[in-house]
Amino acid sequence: MRNRFILALCVLPIAMIALAYQGGVLATRSYMDEASLQAETALRLAVSALGGHLGRYEPLPALISDHEGIETLITQPGDPRLREEANVYLKSINSLLGSSDIYVMTLDGDTIAASNYDGSASFVGQNFSYRPYFKDAAKGRQSRFYALGTTSSKRGYYFASPILIGTVIKGVIVFKVDIDTIEASWRGGEYKIFVSDPEGIIFMTGSAEWLYSGILPLTPQRRARTEASRRYSDANLTALPVERGTSGNHALMTVREGSDRREYLVLSQYVPEADWTVNVLLDTRSVRTQARTIVAAGILLLCLAGLAVAILLQRRARLSERMQMQKEAQNELEHRVEARTADLARVNRRIEREIAEKRLTEQQLRQTQADLIQAGKLAGLGQMSAALSHELNQPLAAAKTYADSAAVLIDRNRTEEARDNIRRISALIDRMASISRHLRNFARKPNEELAAVPIDEAIRDTAEIVAARLAAADAHLELDLGETPPIVRAGPVRLQQVLVNVISNAADAIEGLDDRRIRVSARREGGRVAIIVRDHGPGVSPSIAERIFDPFFTTKGVGKGLGLGLSISYNIIKDFGGSLSVSNHPDGGAVFRIDLDAMATISEAAE
């Protein structure tokens, strides 16, 4: 163990030296590649910005040269009126397009009209025949040129086009575009951006101190070519102290500025249509600092690794002892977990038994509730039996009378009258069958599925069932179902049971009073239908309203009810997904409100 520790201490310095050297090379190369990609993006953006800014002016000289006033002026250059009109026109176009200057020259190079005609540095009367853009345009070619203005002392980019009268060249029109706005966007950024001409002279730059400096040696030949075109007028041209170098595949440039030396990563792109080169420089100090930082971090990590190895060897014995202690603790924990698991299993079995007992109790409660509902219906059926027997006795007595009369009429050969009596007997039988059918449906246990139930049909059938009870109470039933009675989602038989209970309850409330009207109305409210049953009785006191839907609660005397009707009705409506509530009308009397889901058509239930 000790020998390993000594060997690690000997190998560590050698590894640190190798890492410092090789790691520095690799890290520098990696960060240079990354910086080059970023600078390349900046170079593409700069070239695109320059091309986009200047490209929109390129077709304008040819367009303006076709203007009638310009063509007339170039044929009559000495006419003062034509010159004045052309000057005003060029000034308005210059303001509209945002260019620097627009001017017109004859083939001898004299300027006869300009957008700056009224300025202190007017081009009118100046001769620019020495400019390359004039020479090319005078030969019929579209021309470009960038230079420092000899009259305005302002840099600009020139677009020149010949002025043709028919097929004959009569003059030249020139657009000068200001490039200061693009140059201003290069100042203060992460990159140094500049544009150099074929002679290596910096024409545009975000660093003002580099303007008109040469990044190539200013040989006599280069100076002569520059002075011949008077590209930079009288500007003082100086050589920028530059040293070239490389780092892998990357070009480097070191610039001396006083006592300061700065190294830059250089990316360049030649723009042939403008005959200049756009350069992007990135200071490599940040790249080399990052490389040194990553190397230092690697060395630090190596030191930490060596320290970790030493600590690991030192603590290995302690770890073995600790693992033994943890194993003993784990065995103890497993015993405790087994005991706890057994306790939880017993608790789970007890909970399962309780759940089974609860489910059995719930099942018994549902069965009891169904039996109570049927019992309530049968109790109501018993209360209605006397009234219904009266309803059946009347048509039976009438049918017997009609039958006896029919026999006599047949004996007397009065067959038409006898046939009429038989028709009356048939109608009476239909009436008794209807009464019997409603009575049978009311008594049967409900097993129907929810369906679309027209309110008018349900209330019509209900009215036949409660007709005897209403007659006994001398009550009058008023219906208000609207022009188009709504359709609800319910069970038709159970809905009749609810309406029978509520209307019968209202009949009990108004029996013996002066106002014995019961009003039943139905209206649609959004996706629901409200069925409202209002009586003109004494209303419902707050203490009764709280318990009125409870099972076996009743305000009637002994033998007059079990107190199940409204409780059963409440649960039926709840099964339909609706609600049943009671309140007092402001003008007196109780109001029972049934809310159910509305349905558009009868066929909607099947869908």
Side-chain angles (χ1 to χ4, degrees), residues 377-378 380-448 451-488 490-504 506-507 511 516-522 531 533 601-603 605:
K377 291 172 64 176
L378 293 175
L381 184 62
Q383 293 177 2
M384 290 188 293
S385 62
L388 289 173
S389 64
H390 175 72
E391 289 294 324
L392 291 174
N393 285 335
Q394 282 184 341
L396 282 173
K400 187 176 185 318
T401 301
Y402 287 136
D404 293 342
S405 299
V408 174
L409 292 172
I410 291 173
D411 291 340
R412 296 179 181 180
N413 293 324
R414 294 165 63 181
T415 56
E416 287 299 325
E417 295 179 14
R419 189 177 289 108
D420 182 63
N421 280 8
I422 293 172
R423 282 196 297 269
R424 292 176 183 271
I425 291 171
S426 178
L428 290 172
I429 292 172
D430 290 341
R431 180 182 174 189
M432 288 187 290
S434 175
I435 295 172
S436 175
R437 182 177 63 256
H438 290 306
L439 183 61
R440 183 175 62 254
N441 289 341
F442 185 80
R444 184 183 298 120
K445 285 188 176 182
N447 58 0
E448 78 276 353
V453 180
I455 289 297
D456 55 341
E457 294 181 7
I459 292 180
R460 183 181 66 244
D461 293 342
T462 301
E464 293 185 9
I465 294 174
V466 299
R469 179 67 189 94
L470 295 177
D474 195 17
H476 178 61
L477 190 64
E478 298 179 349
L479 301 179
D480 179 13
L481 307 181
E483 295 181 1
T484 303
I487 301 173
V488 297
V493 174
R494 287 189 289 169
L495 180 58
Q496 291 176 25
Q497 181 181 351
V498 172
L499 293 173
V500 167
N501 283 330
V502 174
I503 295 174
S504 298
E511 188 171 5
R516 292 184 291 277
R517 288 177 298 158
I518 300 174
R519 180 179 177 84
V520 180
S521 60
I531 306 172
V533 180
T601 61
I602 298 295
S603 62

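Everything quoted here is computed from the prediction, not taken from an experiment.
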Heavy-atom check, side chain of Ile503 versus side chain of Leu470, under 4.5 Å: yes
Asp461 versus Gln496, closest heavy-atom pair with distance: OD2-NE2, 3.5 Å
Nearest-0.5 Å distance, CZ of residue Arg516 to NE2 of residue His476: 12.0 Å
CA sep, side-chain torsions, deciding dist, call: Val520, Val502, side chain to side chain contact (heavy atoms under 4.5 Å, CB included): CA-CA 10 Å; Val520 180; Val502 174; over 6 Å; no
Partners meeting salt bridge (Lys or Arg N to Asp or Glu O under 4.0 Å) with Asp411 (sequence neighbours left out): none
Sequence-distant partners of Glu457, salt bridge (Lys or Arg N to Asp or Glu O under 4.0 Å), two or more places apart: none
Spacing of Ile410 atom CD1 and Ile422 atom CD1 [to the nearest 0.5 Å]: 5.5 Å
Heavy-atom pair of closest approach, residues Val453 and Gly491: CG2-C, 4.4 Å
Set of salt bridge (Lys or Arg N to Asp or Glu O under 4.0 Å) partners for Asp420, sequence neighbours left out: Arg423, Arg424
Spacing of CD1 belonging to Ile531 relative to CG belonging to Leu481, to within rounding of 0.5 Å: 9.0 Å
Nearest heavy-atom neighbours spanning Ser504 and Val466: OG-CG1, 3.9 Å
Leu477 to Ala463 - nearest heavy-atom pair and separation: CD2-CB, 4.3 Å
Closest heavy-atom pair and its distance - Ala490, Leu495: CB-CD2, 4.3 Å
Heavy-atom closest contact (Pro486 atom, Ala522 atom, distance): CG-CB, 4.1 Å
